[in-house]
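First comes the structure, then the notes that go with it.
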Amino acid sequence: MTGSRTENWQELLAKAAQAAEHAHAPYSSLRVGAAILTSGGTVYSGCNIENAAFGATLCAERSALAAMVSTEGSDALIRAIAVWCSDKRPCYPCGICRQALLPWCEKTAVLVVENADGSPETLSFASLLPYPFTDS
Ligand code: THU
C-alpha cells in the first residue's frame, strides 16, 4: 500500500472484501472482512469466524487486529481500517471492536466503509468512540 494521507481507500476496501471470502458465517450468513493499514504501510486482514457457541464468535476487525499484533507486536499502530460486509450496507465496527482497536489507533486513524453505491466513506476513528476507557 503506497501513497500519502490521500490514500487509495478503494484498494484497502478491496482487501477487506477479499478477506471476507474466508468468513466462517454459517449462522448469520453475513460475511465480514477487515483490512488494517499500519503506520508502516503494511496491511493485515481478517474475517469473521462464527461458533455454535455464539459468544465465541470473532469479528473481522479483531481477527485483523490479532494478525497485526501477532506479526508486529504491540508497537504497531493503525493508520486506517477498512470494513466490508456482504450485504452491501456500510459495516461499522461493533462496540467491542471499537474498544479492542483503540489502543493501537493513531490519533488520526480512519475507518473506511463501503457505501451503498460502492464508494468508500471515511470517518475518524475517534468519532466512533467518544469518552473512551483507557488504562491511563
Ligand atoms: N461482525 C463483524 O465481523 N464485525 C462487526 O463489526 C459487526 C459484526 C460479524 C460477527 C458475526 O459473525 C456477524 O457479523 C453477525 O453479527
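Remember, it's 1-based here, ligands and their atoms both numbered in the order they're listed.
Looking only at distances, no side-chain donor or acceptor of Ser28 sits under 3.5 Å from a matching main-chain atom of Ala25.
Within the structure, salt bridge (charged side-chain N to carboxylate O under 4.0 Å, His left out) pairs that include any residue of residues 43-64 do not occur (at least two apart or interchain).
Inspection of the Glu106 and Ser39 side chains reveals an N or O donor paired with an N or O acceptor under 3.5 Å.
Side-chain atoms of Glu121 and Trp9, non-hydrogen and from C-beta on, never get closer than 4.5 Å to each other.
Closest heavy-atom contact between Asn48 and Leu30: ND2-O, 2.8 Å.
In this structure, CD1 on Ile78 lies 4.5 Å from SG on Cys105, to the nearest 0.5 angstrom.
The contact shell of ligand 1, taken as protein residues with any non-hydrogen atom closer than 4.0 angstrom, comprises Ser28, Leu30, Val32, Asn48, Glu50, Thr57, Cys59, Ala60, Glu61, Tyr92, Pro93, Cys94.
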